[in-house]
Amino acid sequence: MIKNLFLYNSLIGEKVKFEPIASNNVGIYVCGPTVYSEVHLGNCRTFISFDVIVRYLKFSGYNVRYVRNITDAGHLENDADFGEDKISKKAKIEQLEPMEIVQKYTLDFHNVMSLFNTLPPSIEPTATGHIVEQIDMVQAIIKKGFAYEVNGSVYFDVKKYISQGYKYGKLSGRDVDDLIPGSRDLEGQQEKRNSIDFALWKKASDLHIMKWTSPWGIGFPGWHLECSAMGAKYLGDQFDIHGGGMDLKFPHHECEIAQGFCANDVDPVRYWMHANMLTLNGKRMSKSTGNTLLPKEIFSGNNDILNKEYSSYGSSIFYASGTLS
Ligand SMILES: [Zn+2]
């Protein structure tokens, strides 16, 4: 057992000694992909980084429970509280059922991760498989007085949270006053008490495909909620390490801290770790700007910016068998 393991905790911006809650057992949660399109190389960077961390923890003698979720519901366009569900939107474009989209891109993600020789997580829970846990969590937060229902949706009351002395913005370093944008006239924003409040549960319109029955009517969970509910279920109300890409610090992880604390009376995570963004031609690799490379293009060399192909563990075997085609 390596006793002097130090890691960079992004919550405090310092390298600190790693001391797990339960001696030689480590619980780690990493935000997984939203399975609505092929995973690009920038996404892979995060998962490969945490693969190295998980392997090193195991090598160091720890028993590791590694939870990495699949987001298959509730993630709206632009990571916001309004707009269309990314998976439903893609389902319409490809003329498939939303669950066919989920299946297709989950398989693609698994294939790519095995091409990179990463270890599968110990548990890979899905948002749609944990609707009950998410509803329970919303109820707990309402009961504590940190969330309110309006017109079939439930929002987290950020101002109330701050008024109790809690710091919303402590992970991302954001100043709450800067977080109140001029977005009140956007769809769904006007029913919030304050524009920085975020959705725990959203009422579904008749056109919304992926929806469930809840105490507040028919709707779907807010995107941030699933990771809190699944992290607590499989790793405990407080667990050791939470990871993800740097771009998830705000709002996703900031919201996780607030809602986890309010539901369970304990800070949900001891060590926050964030993988940096991959850049391509000096710019962040991002699907929204089209500045991306797909893993299969790296392996085949089939992209104008590459002048040769790069092999990965087993890539020729997998590629020749057509897994990625
Ligand atoms: Zn997450």
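Positions are given from 1 along the sequence. All heavy atoms count here, side chains included; hydrogens, waters and symmetry mates do not. When a ligand or atom number is given, it counts from 1 through the structure's own listing order. The structure presented is a predicted model; accordingly, all values stated were derived computationally and were not measured.
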Around E94, counting heavy atoms of other residues, nucleotides and ligands shown, do more than 12 lie under 6.0 Å from its CD?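 Atom CD in E94 is packed in, count exceeds 12.
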
Ignoring hydrogens and geometry, is there a side-chain-to-backbone donor-acceptor pair from D197 to N194 under 3.5 Å?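 It does hold such a pair.
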
Mind listing the protein N/O/S atoms less than 2.8 Å away from the Zn ion (ligand 1)? Waters don't count.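 Those protein N, O or S atoms (cut-off: under 2.8 Å from the Zn ion (ligand 1)) are C31 SG, C227 SG, H252 NE2.
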
Got a salt bridge between D247 and R284, using NZ or NE/NH1/NH2 to carboxylate O under 4.0 Å?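 Salt bridge between D247 and R284, a charged N being under 4.0 Å from a carboxylate O: yes.
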
W212 to W201 - nearest heavy-atom pair and separation: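 Closest pair (atom of W212, atom of W201, distance): O-CZ2, 3.7 Å.
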
Connected hydrophobic set around M246, excluding itself, where side chains approach under 4.5 Å: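 When side chains under 4.5 Å apart are linked, the cluster holding M246 also contains M277.
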
Donor-acceptor pair between E256 and H242 side chains, under 3.5 angstrom: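 There is such a pair between these side chains.
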
